[in-house]
Engineer: 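Structure below; questions to follow.
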Amino acid sequence: MELFFYALISGILYGIFFALVGIGLNLIFGVMRMVNLAHGDFIMLGAFGAWLAYSKLNMNPLLAIPIEIFIFMIIGFGVYYAFVPRLSKSRDPEMLSFILFFGIAQIIEALAIFAFGNNQKSIPFSTLGKGSISILSQSIPFSWVVSAAISLLMIGFVYYYLYFTRTGYATRAIMSSPEEASSVGIDVSKISAFAMGIGLSLAAIAGVLAPFMIGSIDPSIGASLTTTSFAIVVIGSLGKPIGTILGGIIYGLAMMFMQTYLASWTNLVPYVILILILLVKPSGLLGKKVRNA
Amino acid sequence: MRKKNIRLIIGIILILVMTALFALLPKIYNNNFLLFNIMLYIALAEGLNLIYGFTGYLPFGYVGFFGIGAYSASLLILLLHVGVVPAILLGGVAASIVGIILTPLLRLSGAYFAIANLAASQAIYYIISNPHLENITQGPYGIMLSSVYDATASYNAMLIVMFFAFMLVLFFRQSRFGLSLMAIREDSITASVAGVNVVLARTIAWLLSAFVAGLCGGVFAWYTSVFYPETVFSLNISIFAIVFVLFGGAATLIGPLIGTVILYGMYNFIGISTPQYFQLIYGLLIVMLIMFLPNGVVSLFKKVKDYVP
Amino acid sequence: MSPKEILKVENVEKRFGGLKALNKVNLSVYENEILGLVGPNGSGKTTLINVISGIYKPDAGKIYFFGKRIDGIATYKLAHLGINRTFQIPKPFHGLTVRENVEVAALYSGKQCLKSFFKHLKNFKFMEKGYCNIEDDVQTAISIVGLDKLQDKQATQLNTSEQKLLGLARALATKPKLLLVDEIAAGLNQEETDKIAEILQTLVKKSISIIVVEHLMHFIHKITSRVVVMDSGSPIFEGTLEQAANDKRVVEVFLGG
Amino acid sequence: MSLLEVQSLESGYKILKVLWGIDLNVEQKERVILLGVNGAGKTTLLKAIMGLLKIFNGKIYFEGKDITHLRTDKRVKLGIAYMSEIGIFPNLTVDENLELGAFFLDSKLTHQRKQQMYEYFQDLLSHKKALAGSLSGGQRKMLGIAKLLMSNPKLVVLDEPSNGLSPKFVKLIINILDDLQNKEQFSILIAEQNIAFLDFAQRGYVIDNGKVVVSGNLSDLKSNNIVKKAYFGIEN
């Protein structure tokens with residue numbers, strides 16, 4: 001029972017963090033139907049941002065968050081205007097975006113190796129607060145709680161943006177139909193570029209927390225984070241950013257319970273979940289994105 | 001003479017020249033390892049071309065079949081004492097069987113298929129490398145095949161597999177079966193209206209593609225004789241094959257060949273010691289290709305397009 | 001002697017979610033006729049075509065083709081049996097030439113042909129010309145629609161009307177006995193429309209029955225002897241177009257109440 | 001100067017040309033109807049006017065300004081409001097839909113305008129927080145019209161507002177439009193196949209196969225034979 005509660009609590013905390021990991025990918029897909037295969041690499045960059053702040057500038061890594069939001073907003077606008085309008089006109093935007101962002105992922109990873117080397121880097125957990133706190137008589141590291149709280153806060157911001165601001169309405173209008181959106185006077189490309197900026201910033205913020213949740217970081221962690229993000233997003237339904245919270249928590253719980261009871265098979269979790277969901281209920285979770293015949 | 005027949009003749013000549021070249025090169029050039037790897041990637045790229053080029057499904061987890069081929073062949077040799085050649089063939093069959101298990105993935109559209117296939121290959125990797133299965137797969141500790149090691153024979157086996165992959169692609173390129181596959185790639189509903197059994201044709205291409213990767217894996221295992229799960233399930237194998245095909249041009253015989261020779265050559269030149277340089281270059285190449293040349297280098301030869309095998 | 005009935009649609013229903021796209025549809029097509037299928041958008045015309053050509057499976061009802069039940073049979077098998085169609089928006093196989101487009105369709109147009117395909121596959125003769133003797137079928141189909149001169153062109157290089165003709169040629173290459181033509185005149189000018197009307201009329205003389213779905217009434221008027229008017233998923237009228245124009249219910253459907 | 005002037009417009013979808021040279025104009029405060037069977041090109045024409053389709057040839061002027069190649073959202077800002085056949089965002093609430101109808105106005109104006117709309121459409125007020133997709137067919141059209149008028153447009157362009165409605169609701173919609181047009185004095189271009197709208201309009205065009213076949217004032221159009229010819233392609 002001890003183990004069960006531990007797995008439950010840590011699973012939920014991790015789940016909230018993983019929701020943040022996936023939500024940017026889903027936002028970008030929902031708004032512009034682009035598959036950001038470099039999502040994990042943007043997370044990795046965010047993580048290195050935190051590491052730089054901590055080890056080079058002696059800052060609290062959390063202070064990297066506002067700076068990263070600023071930087072990744074700009075990157076988001078750049079990426080949008082450089083690629084998306086042109087891709088949208090092609091015959092198969094979804095597939096081409098997939099390959100294009102795969103290329104971008106390779107570039108990011110290579111540049112990260114130039115900048116940071118191949119060695120693993122880490123930030124001591126204690127920078128987010130020392131010791132642990134007791135929840136349901138389970139001792140949980142304080143850094144997990146802080147990370148989960150920040151993740152929740154960020155998801156709250158996304159929710160607020162989408163459901164309580166006019167730009168947010170416009171963003172949801174574009175998700176529902178770009179054509180309809182432009183015919184009520186919405187500048188679809190500007191709002192989409194902004195969504196790209198938000199999506200990448202969210203990835204970066206997840207990255208800032210990654211050293212505390214995932215452990216040490218290196219430039220190669222991007223690929224598996226991308227697949228994990230896909231698993232999370234697909235569970236919660238693609239194209240619906242808020243659904244990602246559900247995906248994150250299911251994923252976090254599945255992982256923690258596996259780690260508690262069947263540790264050596266934990267690595268399989270994201271892949272098996274992803275395949276099972278795609279096969280069992282592809283139409284339900286992916287809308288109409290299923291091939292005919 | 002019809003363009004198609006000219007194309008066939010060029011294709012056959014090309015295949016014969018390439019095969020002869022790789023048969024003779026070891027006598028004058030002693031970097032046997034490099035030659036083997038080029039053949040390996042040509043075969044893998046052409047095998048991936050069967051499914052990506054002709055049906056449009058991008059198998060990001062193609063390496064899964066390669067790894068399955070390597071492990072099946074090795075375990076058959078080690079545990080059941082099967083002869084090397086039949087073991088490699090059975091490795092190909094094993095890859096195809098995994099392909100059959102994964103056929104439901106073909107129901108998914110482009111990007112989801114690619115991601116699901118990637119996930120499948122990772123799942124296979126984590127199963128095979130799991131320490132709990134040490135008694136069967138040796139888990140993470142890898143495979144030792146030194147008892148059957150034979151550098152020359154395994155090199156020649158690779159030559160045959162490459163030839164076989166070439167012939168399959170040429171068959172797809174020239175035959176009406178290949179034509180119906182391309183029709184499916186363009187529009188599966190219209191193809192079925194034209195009388196093509198879409199599901200069957202697609203599955204055949206998928207299984208043949210898996211078979212080629214499985215054979216490559218088996219021969220690779222024989223040639224290297226010592227390997228770890230992460231060697232034969234390295235995502236880089238998928239990525240290289242995909243990039244080579246994209247670069248050269250899919251759905252042709254010569255595209256993946258050009259892609260492999262140029263890019264693997266470059267990799268060998270600058271990449272092995274500092275792989276990030278190569279990674280940067282092919283990352284940039286992909287971005288440029290998608291933006292400016294989505295059909296690969298081959299599409300530059302528009303005028304003679306009909307003669308490109 | 002009454003003309004032979006080749007297609008019989010019996011109480012066919014098709015739902016999409018809560019929406020009944022087809023509701024108890026009964027319809028017959030006879031030998032050597034062009035039947036016009038008209039009605040407002042969303043009345044179920046294209047859905048009916050999709051059900052007959054096997055793209056959708058009906059939720060209820062039966063369809064007979066030469067007395068044989070065909071509802072729920074896969075599209076490609078229907079193509080082999082002799083039912084084929086064109087699409088409103090032409091869908092040529094890009095990257096294939098005009099001739100190759102038609103070849104794909106001709107390839108599977110008969111059992112004997114299929115057998116010989118595999119026989120030659122076994123003997124590795126698959127690349128030889130005429131293994132399946134489909135060359136004649138391909139050429140016939142191409143010349144009926146008049147694309148002979150363009151047959152080595154890439155399908156993408158064709159204009160709209162040529163792409164529509166290519167769609168027709170592809171359908172003809174499967175040697176259909178029943179041809180479903182979905183809004184072929186949309187987007188064409190008068191001259192091109194007339195040409196297609198002429199082609200369809202020659203096809204009927206070759207014992208191909210045709211169902212034409214069309215909004216262009218003068219086109220329907222010119223080539224059909226009988227029309228069926230659909231509304232909200234059911235046929236509400238059957239007769240000549242003149243009779244339809246004077247039928248109170250039909251007028252109501254078209255002009256609103 | 002006409003409010004909207006369309007000159008020999010050709011447009012369509014990718015390779016499919018649907019409009020073959022359309023001439024049309026709408027004057028200030030005028031109600032113009034566009035009749036034709038489905039597939040005649042009505043929706044295509046409206047989309048082309050809104051900039052949602054590529055213009056192959058011809059010109060579009062709004063208040064004398066050439067808007068042929070202007071982006072859709074900028075046209076809306078000039079004062080053309082458009083209601084497509086769907087007309088609403090089903091995944092957004094009623095209130096959010098209205099808010100988006102005047103997306104480029106400042107929030108104070110938007111708020112005032114919203115109150116005005118809730119006054120016009122009492123029914124919508126009681127469903128303020130409901131998802132637009134959960135409304136009944138009639139309510140959706142009301143919401144569509146309210147959203148349309150949010151931005152105080154000079155010209156409203158409606159695509160088949162009667163689509164899917166029972167004759168009773170069609171009457172209701174016509175009455176609402178009639179009433180609002182009298183109050184707010186915008187111009188209307190309305191595409192319909194339901195001739196119940198004939199009485200509502202002052203002038204109209206009948207299009208067939210992407211061309212204007214008949215145009216004129218109400219009495220011209222009411223001569224049943226002309227409409228029938230356009231609808232059935234036969235004379236009798």
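So that the names make sense, note that chain A is the first sequence line, chain B the second, and so on, each numbered from 1.
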Engineer: Please report the interatomic distance CG(A/L262) to CG(B/N130), rounded to the nearest 0.5 Å.
Structural biologist: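 Rounded to the nearest 0.5 Å, the CG-CG separation comes to 9.5 Å.
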Engineer: Using heavy-atom distances under 4.5 Å, tell me whether B/L285 contacts chain A through its side chain, its backbone, both, or neither.
Structural biologist: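 For B/L285, there is no contact with chain A at all, as no heavy atom is under 4.5 Å.
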Engineer: Between A/F102 and B/F60, is the ring centre distance below 6.0 Å?
Structural biologist: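 When the ring centroids of A/F102 and B/F60 are compared, they turn out to be within the sub-6.0 Å range.
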Engineer: Please flag which part of B/I281 lies under 4.5 Å from any non-hydrogen atom of chain A: side chain, backbone, both or neither.
Structural biologist: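 Neither part; nothing is under 4.5 Å.
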Engineer: If I take atom CE from residue B/M291 and atom CG from residue A/L87, how far apart are they, to the nearest 0.5 angstrom?
Structural biologist: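 CG of A/L87 is found 5.5 Å from CE of B/M291.
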Engineer: Contact part of B/L118 toward chain A, heavy-atom cut-off under 4.5 Å: side chain, backbone, both or neither?
Structural biologist: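 For B/L118, the contact with chain A is made by the side chain alone.
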Engineer: Could you check whether any side-chain heavy atom of A/M95 comes within less than 4.5 Å of a side-chain heavy atom of B/L58, counting everything from C-beta outward?
Structural biologist: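 A/M95 vs B/L58: side chains touch.
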Engineer: Is it the case that over 12 heavy atoms from other parts of the model lie below 6.0 angstrom from the CZ atom of B/F269?
Structural biologist: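 Atom CZ in B/F269 is not packed in, count stays at 12 or less.
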Engineer: By a 4.5 Å heavy-atom criterion (distance strictly below it), what part of A/A82 contacts chain B: side chain, backbone, both, or neither?
Structural biologist: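 Contact with chain B is through the backbone of A/A82 alone.
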Engineer: Is A/I108 in contact with chain B via its backbone, its side chain, both, or neither, using a 4.5 Å heavy-atom distance?
Structural biologist: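 Contact with chain B involves no heavy atom of A/I108 at all.
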Engineer: Going through the checks in order, is the side chain to side chain contact (heavy atoms under 4.5 Å, CB included) test met by A/W265 and B/I127?
Structural biologist: CA-CA 8 Å; A/W265 299 97; B/I127 292 170; 4.2 Å; yes
Engineer: In terms of heavy-atom contacts, does NZ of A/K190 have more than 12 from other residues, nucleotides or ligands at under 6.0 Å?
Structural biologist: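 No - once you tally the heavy atoms of other residues, nucleotides and ligands closer than 6.0 Å, there are 12 at most.
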Engineer: For the CE atom of B/M288 and the CG atom of A/L100, what is their distance to the nearest 0.5 Å?
Structural biologist: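 These two atoms lie 11.5 Å from each other.
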Engineer: Shorter than 4.5 Å, heavy atoms on both sides: which option in B/L235, B/I115, B/L105, B/I286 has the most such pairs with chain A?
Structural biologist: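 Top option by heavy-atom pairs under 4.5 Å: B/I115.
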Engineer: Would you say that more than 12 heavy atoms from the other residues, nucleotides or ligands in this model lie under 6.0 Å from the CZ of A/F114, or not?
Structural biologist: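 Above 12, so yes.
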Engineer: What option among B/L102, B/N117, B/I239 has the most heavy-atom pairs under 4.5 Å with chain A?
Structural biologist: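 Result: the option with the highest number of such pairs is B/I239.
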Engineer: At their closest point, which heavy atom of A/I275 faces which heavy atom of B/A116, and how far apart are they?
Structural biologist: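 In terms of heavy atoms, the two residues are closest at CG1-O, 3.9 Å.
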Engineer: Shorter than 4.5 Å, heavy atoms on both sides: which option in A/I99, A/L274, A/T227 has the most such pairs with chain B?
Structural biologist: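 The option with the most such pairs is A/I99.
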Engineer: Can you tell me how far CD1 of A/I104 sits from CG of B/L284, rounded to the nearest 0.5 angstrom?
Structural biologist: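 Here the rounded value is 10.0 Å.
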Engineer: Locate the shortest heavy-atom distance separating B/A119 from A/Y271; write the atom from each residue and the value.
Structural biologist: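 For B/A119 versus A/Y271, the nearest heavy atoms are O-CB, 3.4 Å.
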Engineer: Where do B/G283 and A/Q106 come nearest, in terms of heavy atoms and distance?
Structural biologist: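 Heavy atoms only, the tightest pair is CA-CB, 3.8 Å.
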Engineer: Before giving the answer on side chain to side chain contact (heavy atoms under 4.5 Å, CB included), spell out for A/F83 and B/I290 the whole-Å C-alpha distance, their side-chain angles and the decisive distance to 0.1 Å.
Structural biologist: CA-CA 10 Å; A/F83 304 117; B/I290 292 295; over 6 Å; no
Engineer: Looking at CD of B/Q279 and CD1 of A/I107, how far apart are the two atoms once the value is rounded to the nearest 0.5 Å?
Structural biologist: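 If we round to the nearest 0.5 Å, B/Q279:CD and A/I107:CD1 are 9.5 Å apart.
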Engineer: For chain A, find which of B/F278, B/Y277, B/Y125 contributes the most heavy-atom pairs closer than 4.5 angstrom.
Structural biologist: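 Result: the option with the highest number of such pairs is B/Y277.
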Engineer: Under a 4.5 Å cutoff for heavy-atom pairs, which residue among B/Y282, B/F113, B/Y126 has the most contacts with chain A?
Structural biologist: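 Of B/Y282, B/F113, B/Y126, B/Y126 has the most heavy-atom pairs under 4.5 Å with chain A.
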